[in-house]
Amino acid sequence: MSEKPSNTLQYCFDGPEEAPVLILGPSLGTTWHMWDRQIPELSRHWRVLRFDLPGHGGAPAHPASSVADLADRLLTTLDQLGIERFGYAGCSIGGAVGAELALRHPHRVGSLALVSSSPRFGTADSFRQRGVVVRTNGLDPIARATPERWFTPAFAAAQPAIVDWAVQMVRTTDPGCYIAACEALAAFDIRPELGRIGVPTLVVAGADDQVTPAADARVLVAGITDARLALVPGASHLAPVEQPMAVTDLLVRHFSSSWQSSDQPTGMTPAGMTLTGMTSTGMTSTGVTAAPVPPLRPVGATPAPGSEAAGFAEFAESVPEPPLDARADAYDQGIKVRREVLGDAHVDHAQSLADEFTGDFQDFLTRYAWGEVWTRPGIDRRTRSVVTLTALAARGHLDELASHTRAALRNGLTPTEIKEVLLHTGVYCGVAAANSAFAVAQRIIREETSPEG
């Protein structure tokens with residue numbers, strides 16, 4: 001076990017040093033201990049490396065701005081350890097890291113398993129709103145709602161000690177790092193790129209998972225060229241914990257049959273076992289059904305705009321390739337920032353109302369307000385929210401104030417800070433204006449910061 005600088009990850013090893021490396025990636029809110037019940041069997045065949053997300057499990061609290069950032073930190077860690085090629089299995093956001101590695105660094109990944117994962121997790125708005133809840137209330141409300149998201153009711157009732165362990169894992173996570181991970185998931189969408197994942201891939205889905213349902217798993221399998229789907233009965237989102245034998249069996253079979261080290265003879269696994277595999281309709285020894293691949297690729301898999309918004313700080317963004325038309329660049333940047341700040345639902349609604357009469361005005365707003373002003377580097381988004389709230393309150397634009405109160409929460413302002421902005425506005429812009437603004441802001445803050453569950 002080792003604590004690392006901000007550009008690396010905390011990790012631990014199990015298994016023989018000479019064996020090929022198999023990496024296990026955790027889910028949001030968990031630690032590497034979520035894989036404890038897989039370790040005895042996996043470490044018989046592989047050198048297993050588990051890692052913690054930033055701020056999880058006592059790891060240094062250096063928030064990661066994106067899934068790509070997490071993948072880069074893992075690669076830096078592996079480079080320092082002298083590990084070039086590896087197998088990878090990840091759960092939820094850990095699966096997203098594995099998919100990112102397979103897309104950006106295919107020569108490093110020998111085989112891939114995506115557990116309770118998705119090419120796009122829910123909606124960007126839902127994850128950004130979760131960040132607002134955590135920033136306002138801390139992680140306790142999220143922790144208390146964990147059992148119903150992670151486990152089936154039957155398992156939660158039968159295993160209270162495991163449920164308590166799960167709640168404590170979330171509760172002891174660093175809030176800023178949790179918010180950053182939510183922002184990373186909000187921006188993650190690899191649906192258009194799935195066809196470029198070329199490594200053998202096992203997709204594992206809990207049959208009762210409501211967080212990343214089987215439909216999400218089928219999108220992965222339909223898009224990845226060499227992929228198989230296994231549905232685990234009696235499992236929800238944290239399938240490796242809830243059905244450890246089934247998940248372990250699936251991982252052993254997959255990595256034994258699909259991953260060959262360059263120095264090994266054909267037909268032998270890293271552990272020297274005879275190759276085995278699953279057919280698209282076969283059953284494993286644990287009774288897990290390997291579901292057939294859907295015959296059609298997903299329809300309408302276009303990227304949903306969305307990127308990192310501020311949590312406790314402004315997170316770095318990747319720089320897009322320069323377009324041919326500078327005006328198109330302003331619009332593209334504007335719609336991206338507009339969605340990040342106001343949310344997909346708000347922007348989609350505004351665009352749905354645009355017609356021949358109002359369309360040019362919507363284009364004007366996106367291009368100049370969001371593409372020219374909100375993108376300027378002179379002040380950060382938190383400060384821009386302070387200015388915007390003040391101006392809207394002073395002028396009595398209460399509908400816009402409601403939208404930008406939501407935006408201010410997403411940009412990292414707390415309810416206390418918004419209160420101070422409106423108090424200050426009352427002194428310099430009038431008590432009546434501030435009184436109306438307080439009523440609007442109070443309603444929006446209550447809506448946005450209500451704990452989940």
Side-chain angles (χ1 to χ4, degrees), residues 6 10 26-34 52-66 70 92-94 121-151 156 160-187 211 237-238 308-315 340 343 380-382 385-386 389 405-422 441-453:
S6 61
Q10 178 172 283
S27 178
L28 175 62
T30 74
T31 71
W32 63 46
H33 290 294
M34 67 159 284
D52 277 330
L53 299 171
H56 291 59
H62 303 299
S65 64
S66 64
L70 288 170
S92 196
I93 193 174
F121 293 82
T123 65
D125 285 353
S126 65
F127 276 103
R128 293 192 176 112
Q129 201 270 338
R130 189 188 297 187
V132 170
V133 170
V134 174
R135 190 178 297 112
T136 307
N137 303 283
L139 274 166
D140 187 66
I142 302 294
R144 286 188 278 106
T146 291
E148 64 188 63
R149 293 198 307 269
W150 284 0
F151 306 120
I162 293 179
V163 169
D164 183 64
W165 161 80
V167 170
Q168 292 304 317
M169 264 197 307
V170 177
R171 187 172 281 145
T172 56
T173 298
D174 176 77
C177 289
Y178 190 96
I179 292 171
C182 288
E183 296 290 345
L185 288 173
V211 179
H237 190 59
L238 223 59
E308 300 83 1
F312 285 156
E314 192 72 20
F315 301 124
E340 290 170 8
D380 61 23
R381 289 184 189 173
R382 283 171 51 88
S385 280
V386 170
L389 291 177
T405 300
R406 289 191 178 91
L409 291 166
R410 291 166 182 247
N411 283 345
L413 290 180
T414 65
T416 298
E417 289 171 325
I418 293 173
K419 176 182 71 175
E420 294 300 325
V421 170
L422 297 183
Q442 181 185 49
R443 173 174 59 84
I444 298 301
I445 289 170
R446 284 176 176 171
E447 291 175 1
E448 292 294 304
T449 62
S450 296
E452 297 182 359

Once salt bridge (charged side-chain N to carboxylate O under 4.0 Å, His left out) is applied, do any residues pair with E447, and if so which ones, sequence neighbours excluded? R406, R443

side-chain hydrogen bond (donor to acceptor under 3.5 Å, both in side chains) partners of S92, counting only residues at least two apart: H237

Is a donor from one side chain sitting under 3.5 angstrom from an acceptor on the other, for D52 and T31? no

Stepwise, does the side chain to side chain contact (heavy atoms under 4.5 Å, CB included) test hold for W150 with M34? CA-CA 12 Å; W150 284 0; M34 67 159 284; over 6 Å; no

To the nearest 0.5 Å, what is the distance between CG (L413) and OG (S385)? 5.5 Å

Restricting to non-hydrogen atoms, name the atom on I445 and the atom on T449 that form the minimum distance, rounded to 0.1 Å. O-OG1, 2.5 Å

As an exercise, state the distance from CD1 of I93 to OG of S27, rounded to the nearest 0.5 Å. 8.0 Å

Show the numbers, then the answer: is there a side chain to side chain contact (heavy atoms under 4.5 Å, CB included) between I179 and V132? CA-CA 8 Å; I179 292 171; V132 170; over 6 Å; no

Mark yes or no for whether Q129, through its side chain, and E448, through its backbone, hold a donor-acceptor pair below 3.5 Å. yes

What is the minimum heavy-atom distance between F127 and F121, and which atoms define it? CE1-O, 2.9 Å

Do C182 and V134 have side-chain heavy atoms sitting under 4.5 Å apart? no

Within the side chain of R149, is there an N or O that forms a donor-acceptor pair under 3.5 Å with the backbone of V211? no

Does H56 have any side chain to side chain contact (heavy atoms under 4.5 Å, CB included) partners at least two apart in sequence or in another chain, and if so, which? L28, L53, T173

Side-chain contact, heavy-atom cut-off 4.5 Å: Q10 with P60? yes

Partners passing ring-ring contact (aromatic ring centres under 6.0 Å, His included) against F151 (at least two apart in sequence or in another chain): F155

Heavy atoms only: give me the nearest R130-Y178 pair and the separation to one decimal. NH1-OH, 3.0 Å

Test side chain to side chain contact (heavy atoms under 4.5 Å, CB included) on T136 and T414 and set out the steps. CA-CA 6 Å; T136 307; T414 65; 6.0 Å; no

Do you know which two heavy atoms are closest between P63 and A180, and how far apart they sit? CB-CB, 3.6 Å

Where S450 and V133 come nearest, the two heavy atoms and their spacing: O-CG2, 3.5 Å

Note, D125 side chain near R410 side chain (heavy atom, < 4.5 Å): yes

Would you call R381 and E340 a salt bridge, using N to O less than 4.0 angstrom? yes

Return the set of residues passing salt bridge (charged side-chain N to carboxylate O under 4.0 Å, His left out) with D140 (not counting sequence neighbours), or none when no residue passes. R144, R171

Separation between CD1 (I418) and OG1 (T416), nearest 0.5 Å, reads 9.0 Å

side-chain hydrogen bond (donor to acceptor under 3.5 Å, both in side chains) involving T123 - partner list, sequence neighbours excluded: S126

Any L70 side-chain heavy atom under 4.5 Å of P54 side chain: yes

